[in-house]
**Student:** 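Have a look at this one.
What you see below is based on every heavy atom in this structure, not just the backbone, and it leaves out hydrogens, waters and symmetry mates. Note that the structure is predicted; figures quoted are calculated from it, not measured. Along the sequence shown, residues carry numbers from 1.
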Amino acid sequence: MELHQRIRSAPVDFGAVRTEFGLASDYPSEAVSEARDAVDAFAGARADRREIPLVTIDPPGAMDLDQALSLERTPSGGFLLYYAIADVAAMVVPGGPLARESLARGQTFYFPDGTVPLHPTALSEGRASLLPDVDRPAALWTIECDAHAEPVHWTVTRALVRSRARLDYQGVQGDADAGRLHPSIAALPEFGRLRIEAGIARGAITLRLPDQTVIRDAEQTGIDHWQLALEPRTAADDWNEQVSLLTGMCAARIMLDGHDSNGSGNPEQPGLLRTMPPPAPAAIASMRRTAAAVGVPWPPGESAGRMLAALDCNTPAALVLMSEATGLLRGAAYTILNGQAPDTLQHSAIGAPYAHVTAPLRRLADRYATEICLAHCAKTEVPQWVRDELGAAVDTMRRTDALSGKVERACLDLTEATVLSPRVDTDFDAVVLREANGTRPAEIFIADPPVLAKCTGTPPEGDTVPVRLAVADPPTRTVTFAYPAGPAPSAPYSPS
C-alpha cells in the first residue's frame with residue numbers, strides 16, 4: 001500500500017478552530033518584552049563547552065530548536081553522548097509575566113498555518129533556541145554508554161554551547177543511506193538500533209504509524225490551499241527519538257535515586273515523572289484476537305512490542321494492529337514523586353521510569369523536571385519556585401495535553417471534510433482498521449487522499465473493501481463512509 005499520497009483542498013479557516021478552543025496567539029505585551037530582553041541568569045557560572053560539535057535534527061524550517069547532540073564512539077567500544085537542551089529556566093524570571101503566562105499555556109499548539117506558542121517567538125525561536133553558529137545557554141547532559149548502548153554514567157550541568165549545523169530528518173536519512181553522515185552523528189544509526197532493541201527487550205511498545213498531517217500547498221499564491229499527507233517515519237526519526245528517550249530515562253533515575261550515576265544529590269528533593277500504567281489484560285487479549293484474525297503470528301509469551309516491531313508498516317495487517325495498539329497506551333500522566341510504590345512510576349510504553357526533560361521550549365513540564373535534575377547533580381536545593389509551582393504545572397499539563405489532542409483532530413477533521421466535500425457518492429478502496437462493535441461504528445483508512453474515518457455497515461476487520469463517501473460536511477467537520485458501497489444515506493451519520 002502506498003502511504004505518500006497527497007491531495008489539495010480548498011481554503012481552510014483554521015482560525016475558527018483556534019477560536020473554538022479559546023487559543024489566543026497574541027502574548028501579553030509585558031511577557032513579550034521580557035522575552036525580547038531575556039538574559040542568562042547563570043551566565044557567570046556556566047561551563048564553557050563550545051568545543052563540543054553539536055548539531056540539531058528537526059523538521060525542515062523549524063526554529064524552536066530544543067535539542068542539540070553529539071555522539072561519538074569511545075576507545076572501549078562504547079558511546080559518549082552529549083545532549084544539550086535549551087536552558088529556558090535561565091531566561092524566565094520566576095514569578096514574572098513570562099513565567100505566569102507560560103504556566104497558564106502549558107505547551108505549544110501546532111496548527112497547519114502556524115503555532116500558538118508556549119513562549120513568545122523572541123525567546124522560543126530566538127534567544128533560547130539552539131540555532132547554529134551562535135552561543136546559547138544549555139542544560140548539557142553527558143551520558144556514557146557501554147558497547148550495547150546501555151548507560152553507565154550520566155549527569156547534567158549548565159553550560160555554554162554552540163551548534164555547528166541544523167539538520168532535518170529526511171536529510172539525515174539520505175546522508176545515512178549514502179554513507180556521508182555528519183561526523184557528530186556518524187554513530188547514530190548503530191546507537192539507535194541498539195537502543196531500539198534494548199527497548200523491545202524491556203517491553204517497550206513503539207507505534208510506527210505514518211503521521212497524518214496537513215501541509216500548505218506551496219504551488220498556490222494569494223489564498224492558502226492545503227494538502228492531506230501521510231509522512232512515514234524514517235529510521236532517522238527513530239534513531240533520534242532514542243536519544244531523547246535515553247535522556248528521559250536517565251533523568252528519571254536521577255530523581256528516583258536522589259543522585260546522578262556518580263552518587264551526588266539529595267534524595268529528599270521533589271521529582272516529576274511521566275508515567276503510564278501497563279495495558280489492561282483485556283486490551284492485550286483483544287489485540288491477540290485481532291492478530292489471529294488478520295493472519296499475524298504472535299507466539300505465546302512474546303511481548304506486544306516485539307510483535308509490532310516485526311511488522312511491515314506498509315501492509316494492511318500492520319495498520320490494523322498498530323491502530324488497535326493505541327489502546328494499549330492509555331493513562332499517561334505527570335506524577336509528582338511522593339513516596340509512591342515503584343511499580344506505579346513506570347512508563348509502560350517505554351518499559352522504564354521516564355521524565356520529560358528534552359523539549360522545554362515547547363512543553364512546560366520539561367523546565368521543572370530539568371531544574372530538579374540540575375539541582376540533584378549540583379548538590380543544591382531545588383529552587384523554591386519549582387517547589388511552589390510544581391502542582392500547578394502538572395494541572396496545566398493535564399489540561400493542555402487533552403486539549404492538544406482535540407485541536408490536532410479538529411484540524412485534520414476540518415481538512416478531510418473540505419478535501420472530500422466535492423467527492424460525495426464517490427467510491428474508494430479502504431482498509432478496515434476496526435470492525436463495528438455495538439454503537440461504535442467501523443473505522444477505516446483510505447490511502448488517497450489519506451483519511452481515517454468512520455464507516456456505517458459491518459465491513460470485515462483487516463480486509464480491503466470498497467466504500468462510498470456518504471457525508472463530507474466542513475461546517476460540522478464530519479466525514480462518513482458507507483459499506484457496502486452504494487447510495488448515500490439521506491441524513492448525515494452522527495457517531496454516538
**Student:** Minimum heavy-atom separation for Val357 to Ala369, with atom names?
**Tutor:** CG1-CB, 3.6 Å
**Student:** Are any non-hydrogen side-chain atoms of Glu408 and Phe109 less than 4.5 angstrom apart?
**Tutor:** no
**Student:** Please examine the side chains of Leu130 and Gln67, heavy atoms only from C-beta on, and report whether any two atoms are closer than 4.5 Å.
**Tutor:** no
**Student:** Looking only at the side chains, is there a donor atom on one of Asp401 and Gln107 sitting less than 3.5 Å from an acceptor on the other?
**Tutor:** yes
**Student:** Is a donor from one side chain sitting under 3.5 angstrom from an acceptor on the other, for Ser163 and Thr56?
**Tutor:** no
**Student:** Does any N or O in the side chain of Ser348 come within less than 3.5 Å of the main-chain N or O of Pro277, such that one atom is a donor and the other an acceptor?
**Tutor:** yes
**Student:** Which pair of non-hydrogen atoms, one from Ala393 and one from Tyr368, has the smallest distance, and what is that distance?
**Tutor:** CB-CE1, 3.8 Å
**Student:** Please check this pair: side chain of Gln346 against backbone of Thr344, looking for a donor-acceptor N/O pair closer than 3.5 Å.
**Tutor:** no
**Student:** What is the minimum heavy-atom distance between Ala252 and Tyr354, and which atoms define it?
**Tutor:** CB-N, 3.4 Å
**Student:** Are there more than 12 heavy atoms of other residues, nucleotides or ligands under 6.0 Å from atom CZ of Arg330?
**Tutor:** no
**Student:** Is Arg398 close enough and on-axis enough to Tyr334, meaning under 6.0 Å and within 45°, for cation-pi?
**Tutor:** no
**Student:** After noting the C-alpha distance and the side-chain angles of Arg288 and Glu302, does the key distance pass the salt bridge (Lys or Arg N to Asp or Glu O under 4.0 Å) rule?
**Tutor:** CA-CA 11 Å; Arg288 284 197 170 274; Glu302 182 177 82; over 6 Å; no
**Student:** Quickly, which of Asp168, Leu188, Val243 forms a side-chain contact (heavy atoms from CB on, under 4.5 Å) with Ile57? Name it, please.
**Tutor:** Leu188
**Student:** Using the rule given for side chain to side chain contact (heavy atoms under 4.5 Å, CB included), can you reason through Val471 versus Val479, listing the C-alpha separation, both sets of side-chain angles and the distance that settles it, and then say yes or no?
**Tutor:** CA-CA 5 Å; Val471 177; Val479 171; over 6 Å; no
**Student:** Compute whether any side-chain donor of one residue and acceptor of the other, for Thr290 and Arg434, lie under 3.5 angstrom apart.
**Tutor:** no
**Student:** Nearest 0.5 Å, what's the CD1-CD distance between Ile196 and Glu241?
**Tutor:** 8.0 Å
**Student:** Looking only at atom types and distance, does a side-chain atom of His148 sit under 3.5 Å from a main-chain N or O of Glu150, one as donor and one as acceptor?
**Tutor:** no
**Student:** Could you grab the distance from atom CG of Leu319 to atom CD1 of Ile444, nearest 0.5 Å is fine?
**Tutor:** 12.5 Å
**Student:** Hey, does the side chain of Arg387 reach the backbone of Pro270 with a donor-acceptor pair shorter than 3.5 angstrom?
**Tutor:** no
**Student:** How far does OG of Ser102 sit from NE2 of His119, to the nearest 0.5 angstrom?
**Tutor:** 4.5 Å
**Student:** Run Thr358 and Ser244 through side-chain hydrogen bond (donor to acceptor under 3.5 Å, both in side chains) and show every step you take.
**Tutor:** CA-CA 6 Å; Thr358 63; Ser244 182; 2.8 Å; yes
**Student:** Kindly confirm or rule out a cation-pi arrangement of Arg73 over Phe79, judged by NZ or CZ under 6.0 Å from the six-membered ring centre and within 45° of its axis?
**Tutor:** yes
**Student:** Consider only side-chain N and O atoms of Thr155 and Thr142, and report whether a donor and an acceptor are under 3.5 Å apart.
**Tutor:** no
**Student:** Given the rule in the side-chain hydrogen bond (donor to acceptor under 3.5 Å, both in side chains) test, do Arg164 and Ser70 qualify, once you have shown the distances and angles that lead to the verdict?
**Tutor:** CA-CA 10 Å; Arg164 300 294 199 274; Ser70 174; over 6 Å; no
**Student:** When you look at Arg362 and Tyr110, which way does the side chain to side chain contact (heavy atoms under 4.5 Å, CB included) test go after all the steps?
**Tutor:** CA-CA 10 Å; Arg362 300 173 252 178; Tyr110 291 90; 2.9 Å; yes
**Student:** Return yes if some donor-acceptor pair links the side-chain N/O of Arg136 with the main-chain N/O of Ser129 below 3.5 Å, else return no.
**Tutor:** yes
**Student:** For residues Ser184 and Leu69, report the shortest heavy-atom separation together with the two atoms involved.
**Tutor:** CB-O, 4.4 Å
**Student:** Does a side-chain heavy-atom distance below 4.5 Å link Asp463 with Pro459?
**Tutor:** no
**Student:** Which is it for Asp58 and Arg166 under the salt bridge (Lys or Arg N to Asp or Glu O under 4.0 Å) test, yes or no, and what are the steps along the way?
**Tutor:** CA-CA 8 Å; Asp58 289 274; Arg166 180 169 57 183; over 6 Å; no
**Student:** Regarding Lys406 and Glu20, does a basic nitrogen lie under 4.0 Å from an acidic carboxylate oxygen?
**Tutor:** no
**Student:** Does any non-hydrogen side-chain atom of Met255 lie less than 4.5 Å from one of Gln269?
**Tutor:** no
**Student:** Please report the shortest heavy-atom distance between Ala304 and Trp298, naming the atom on each side.
**Tutor:** CA-CZ2, 3.6 Å
**Student:** May I ask you to decide if Leu118's main-chain N or O and Thr108's side chain share a donor-acceptor pair within less than 3.5 Å?
**Tutor:** yes
**Student:** Does the pair Thr247 and Val156 meet the rule for a side chain to side chain contact (heavy atoms under 4.5 Å, CB included), with working shown?
**Tutor:** CA-CA 10 Å; Thr247 305; Val156 61; over 6 Å; no
**Student:** Can you confirm whether Thr335 sits close enough to Met276 that some side-chain heavy atom of one is under 4.5 Å from a side-chain heavy atom of the other?
**Tutor:** no
**Student:** Treating Arg195 as the side-chain partner and Ala149 as the backbone partner, does any N or O pair qualify as donor plus acceptor under 3.5 Å?
**Tutor:** yes
**Student:** Quick one: pull up CG in Leu403 and OG1 in Thr396 and give me the separation to the nearest 0.5 Å.
**Tutor:** 11.5 Å
**Student:** Please give me the minimum heavy-atom distance between Cys250 and Pro151, naming the atom from each residue.
**Tutor:** SG-CB, 4.2 Å
**Student:** For residues Phe14 and Thr415, determine if any side-chain heavy atom of one lies less than 4.5 Å from a side-chain heavy atom of the other.
**Tutor:** yes
**Student:** Hey, is the main chain of Ala186 close enough, under 3.5 Å, to the side chain of Glu190 for a donor-acceptor pair?
**Tutor:** no
**Student:** Which pairs would a plain distance check flag for residues 80-89, meaning a side-chain donor or acceptor within less than 3.5 Å of a matching protein atom at least two apart in sequence or in another chain?
**Tutor:**
unit_1, atom_1, unit_2, atom_2, d
Asp87, OD1, Ala90, N, 3.4
Asp87, OD1, Arg158, NH2, 3.3
Asp87, OD2, Arg46, NH1, 3.2
Asp87, OD2, Arg46, NH2, 2.7
Asp87, OD2, Arg158, NE, 2.7

**Student:** So, using side-chain contact (heavy atoms from CB on, under 4.5 Å) as the criterion, who are the partners of Pro59 when residues are at least two apart?
**Tutor:** Ala62, Tyr169
**Student:** What distance separates Glu371 CD from Leu272 CG, expressed to the nearest 0.5 Å?
**Tutor:** 12.5 Å
**Student:** In sequence, state the C-alpha distance, the side-chain angles, and the governing distance for Phe481 and Phe428, and then conclude on side chain to side chain contact (heavy atoms under 4.5 Å, CB included).
**Tutor:** CA-CA 9 Å; Phe481 289 82; Phe428 297 81; 3.5 Å; yes
**Student:** Hey, does Asp237 have a side-chain heavy atom less than 4.5 Å from the side chain of Val172?
**Tutor:** no
**Student:** Counting C-beta onward and ignoring hydrogens, is there a side-chain heavy-atom pair between Val55 and Ile185 closer than 4.5 Å?
**Tutor:** yes
**Student:** Could you tell me which residues satisfy side-chain hydrogen bond (donor to acceptor under 3.5 Å, both in side chains) with Gln173, sequence neighbours excluded, listed by chain and number?
**Tutor:** Asp177
**Student:** Could you check Glu324 against Arg289 for salt bridge (Lys or Arg N to Asp or Glu O under 4.0 Å), going step by step and ending with a plain yes or no?
**Tutor:** CA-CA 11 Å; Glu324 181 154 341; Arg289 291 192 295 271; over 6 Å; no
**Student:** Rounded to the nearest 0.5 Å, what's the gap from CG on Leu228 to CD1 on Ile446? Could you check?
**Tutor:** 11.5 Å
